Undergrad: 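Here it is, the structure, as structure tokens.
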Amino acid sequence: MKIGVFDSGFGGLTVLRALMDRIPEASYLYLGDTARLPYGAKSRETVARYAASSAKFLVGEGAEFLVIACNTASALALDAIRDAASVPVLGVVETGANAADVSSATRDVMVIATAATVESHAYAAACRARGLRVIEKACPLLVPLVEEGWIEHPVTAEVLRIYLTELTEQARQAELNADTLVLGCTHYPLLRGQIERAVPETLWVIDSAVATAAQVDRRLAGSRGTNTAEPPQFFATDSVAKFRTLGSRFLGHAIESVELVDLGN
Ligand code: DGL
């Protein structure tokens, strides 16, 4: 089974890592649409166009199942991706909301995500459908900081402190007793250590990577084969050297080769 995993950049590597741990016998194709990132600051139409062309590319390379490891594309463009791809497609917003549902005892949750994801209110709808109260906050500076590799960096720590203080105030005003913080962007788990240090210990910080991998595992049960997998193949639409260096760090495995692809603009 060949699984295509797609994000605008490095963030989806957090989902790829969880998939490789959970389903090691599958083969993986990963596309980072780094030339057109960030998606989170763009309109629905643009994100849909970028995401549909990325999905088509992965299917053309042989992907038999697509994981949209990008909350922005999942929130704004899942239908467009399904229309463009001839294979089953799984997004990460529903799996993130499922993880929040399992985690929250107070039934109040907070979500941080890109501006486009927050404006779509896809998380609010998915959380409310599960009986959760929710507030969402856009954190637009975090994706560029991650793409720059500024993980343990004082600027990132300060930006996070400001966002999380504002989020706490927003929750207080809404009279929410939140016990769960959803990382509603696949770039944010790369900042998980920093985020956990900045919030009270009683707040569960969750991301959709592990929940997504578990759901893919269930969906593919019986059809994923038992062959020894080939190493993952990586594609990027911008600097392959940067992708190799930073990507290896984020994936936790060396990325030997990355192919540069041109998906237009
Ligand atoms: N990693 C993507 C997400 O989960 C967003 C990154 C971007 O803004 O391009 O939303």
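This one's a predicted model, so the numbers in the text were calculated from it and none came from an experiment.
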Undergrad: Tell me, please, which residues at least two apart from Glu196 pass salt bridge (charged side-chain N to carboxylate O under 4.0 Å, His left out).
TA: Arg192

Undergrad: Sorted by first residue and then second, give each ring pair (Phe, Tyr, Trp, His ring centres under 6.0 Å) pair with at least one member in residues 141-170; sequence neighbours left out.
TA: Trp150-His153

Undergrad: May I ask you to decide whether Glu152 forms a salt bridge with Arg197, counting only side-chain N to carboxylate O separations under 4.0 Å?
TA: yes

Undergrad: Nearest heavy-atom pair of Ala85 and Val59: which atoms, and what distance?
TA: CB-CG2, 4.1 Å

Undergrad: Checking side-chain contact (heavy atoms from CB on, under 4.5 Å) between Leu181 and each of Val109, Ile195, Asp207, which is the one that passes?
TA: Ile195

Undergrad: Could you pull out all residues at least two apart from Ile255 that satisfy side chain to side chain contact (heavy atoms under 4.5 Å, CB included)?
TA: Phe234, Phe243, Arg244, Ser248, Leu251, Val258

Undergrad: A side-chain contact here means heavy atoms from C-beta on lying under 4.5 Å apart; do Thr180 and Leu203 qualify?
TA: no

Undergrad: Between Asn177 and Thr106, is there a side-chain donor-acceptor contact under 3.5 Å, judged purely by atom types and distance?
TA: no

Undergrad: Is there a donor-acceptor pair closer than 3.5 Å between any side-chain N or O of Arg249 and the backbone N or O of Thr245?
TA: no

Undergrad: Can you find a heavy atom in the side chain of Asn71 that is under 4.5 Å from one in the side chain of Thr114?
TA: no

Undergrad: Write down the atom of Ala113, the atom of Gly184, and the distance for their closest heavy-atom approach.
TA: CB-O, 3.4 Å

Undergrad: Atom CG in Leu31, atom OG in Ser54: separation rounded to 0.5 Å?
TA: 5.0 Å

Undergrad: State whether the side chain of Ser103 and the backbone N or O of Ala99 hold a donor-acceptor pair below 3.5 Å, judged by distance alone.
TA: no

Undergrad: Going hydrophobic residue to hydrophobic residue with side-chain gaps under 4.5 angstrom, can you get from Ile162 over to Leu183?
TA: no

Undergrad: May I ask you to test the Pro140-Leu142 pair for a side-chain heavy-atom distance under 4.5 Å?
TA: no

Undergrad: Return the CG to CD1 distance between Leu164 and Ile112, rounded to the nearest 0.5 Å.
TA: 6.0 Å

Undergrad: When clusters are formed by joining ILVMFWY residues with side-chain heavy atoms under 4.5 Å apart, either directly or through shared neighbours, do Phe6 and Tyr28 land in the same one?
TA: no

Undergrad: List the atom of Ala209, the atom of Ala18, and the distance in Å for their closest heavy-atom pair.
TA: O-CB, 3.6 Å

Undergrad: Taking it one step at a time, do Phe65 and Met1 satisfy side chain to side chain contact (heavy atoms under 4.5 Å, CB included)?
TA: CA-CA 8 Å; Phe65 187 98; Met1 169 60 74; 4.3 Å; yes

Undergrad: What distance separates Leu145 CG from Leu191 CG, expressed to the nearest 0.5 Å?
TA: 7.5 Å

Undergrad: For Glu175, check salt bridge (charged side-chain N to carboxylate O under 4.0 Å, His left out) against everything at least two apart and list the hits.
TA: none

Undergrad: Measure the shortest side-chain to side-chain distance between Val216 and Leu19 over non-hydrogen atoms and say whether it is less than 4.5 angstrom.
TA: yes

Undergrad: Angle between ring planes, Phe10 versus Phe250, binned at 30° and 60°: parallel, tilted or perpendicular?
TA: perpendicular

Undergrad: Step by step, work out the side chain to side chain donor-acceptor pair (under 3.5 Å) result for Ser43 and Thr46.
TA: CA-CA 5 Å; Ser43 68; Thr46 302; 3.1 Å; yes

Undergrad: Lys137 and side-chain contact (heavy atoms from CB on, under 4.5 Å): which single residue from Val118, Leu167, Thr168 fits?
TA: Leu167

Undergrad: Could you tell me the separation between the CG atom of Asp101 and the CD atom of Glu94, rounded to the nearest 0.5 Å?
TA: 11.0 Å

Undergrad: Decide yes or no on side chain to side chain contact (heavy atoms under 4.5 Å, CB included) for Glu119 and Arg44, but give the supporting numbers first.
TA: CA-CA 10 Å; Glu119 278 156 28; Arg44 184 181 292 272; over 6 Å; no

Undergrad: To the nearest 0.5 Å, how far apart are OG1 in Thr165 and CD in Gln170?
TA: 12.0 Å

Undergrad: Please report the C-alpha distance between Asp33 and Thr237 in whole Å, then the side-chain angles of each, then the deciding distance to 0.1 Å, and finally whether the side chain to side chain donor-acceptor pair (under 3.5 Å) criterion is met.
TA: CA-CA 5 Å; Asp33 191 8; Thr237 55; 2.9 Å; yes

Undergrad: Do any N or O atoms from the side chain of Gln194 and from the backbone of Ile151 form a donor-acceptor pair under 3.5 angstrom?
TA: yes

Undergrad: Can you find a pair of side-chain heavy atoms, one from His253 and one from Pro231, that are under 4.5 Å apart?
TA: no

Undergrad: So Asp7 and Thr14, side chain to side chain contact (heavy atoms under 4.5 Å, CB included) or not? Walk me through it.
TA: CA-CA 10 Å; Asp7 181 39; Thr14 58; over 6 Å; no

Undergrad: Side chains of Lys242 and Thr34: does their closest heavy-atom pair fall under 4.5 Å?
TA: no

Undergrad: With no hydrogens and no angle check, is any side-chain donor or acceptor of Glu230 less than 3.5 Å from a backbone partner on Ser27?
TA: no

Undergrad: With ring centroids as reference points, do Phe235 and Tyr30 lie under 6.0 angstrom apart?
TA: no

Undergrad: Mind checking what makes salt bridge (charged side-chain N to carboxylate O under 4.0 Å, His left out) contact with Glu169, not counting sequence neighbours?
TA: Arg172

Undergrad: What is the distance from atom CD1 of Ile81 to atom CG of Leu58, rounded to the nearest 0.5 Å?
TA: 10.5 Å

Undergrad: Do Glu61 and Glu259 have side chains that get closer than 4.5 Å, going by heavy atoms?
TA: no

Undergrad: Check side-chain hydrogen bond (donor to acceptor under 3.5 Å, both in side chains) between Ser53 and all other residues, then give those that pass, not counting sequence neighbours.
TA: Arg36

Undergrad: Should Glu136 and Thr117 be marked as a side chain to side chain contact (heavy atoms under 4.5 Å, CB included) after you check the CA-CA gap, both sets of side-chain angles, and the distance that decides it?
TA: CA-CA 9 Å; Glu136 305 161 289; Thr117 299; over 6 Å; no

Undergrad: Between Leu13 and Val146, is there a shared hydrophobic cluster once you connect ILVMFWY residues whose side-chain heavy atoms come closer than 4.5 Å?
TA: yes

Undergrad: Do the non-hydrogen side-chain atoms of Leu90 and Ile68 ever get within less than 4.5 Å of each other?
TA: no

Undergrad: Where do Ala73 and Val47 come nearest, in terms of heavy atoms and distance?
TA: CA-CG1, 3.9 Å

Undergrad: Examine Met110 and Leu160 and state if one hydrophobic cluster contains both, with Ile, Leu, Val, Met, Phe, Trp and Tyr joined whenever side-chain heavy atoms are less than 4.5 Å apart.
TA: yes

Undergrad: Should Val87 and Val92 be counted in the same cluster of Ile, Leu, Val, Met, Phe, Trp and Tyr side chains packed under 4.5 Å apart?
TA: no

Undergrad: Of the non-hydrogen atoms in Ser120 and Ala75, which two are nearest, and what is the gap between them?
TA: OG-CB, 3.5 Å

Undergrad: Cys70 and Thr186: which non-hydrogen atoms are nearest, and at how many Å?
TA: CA-OG1, 4.0 Å

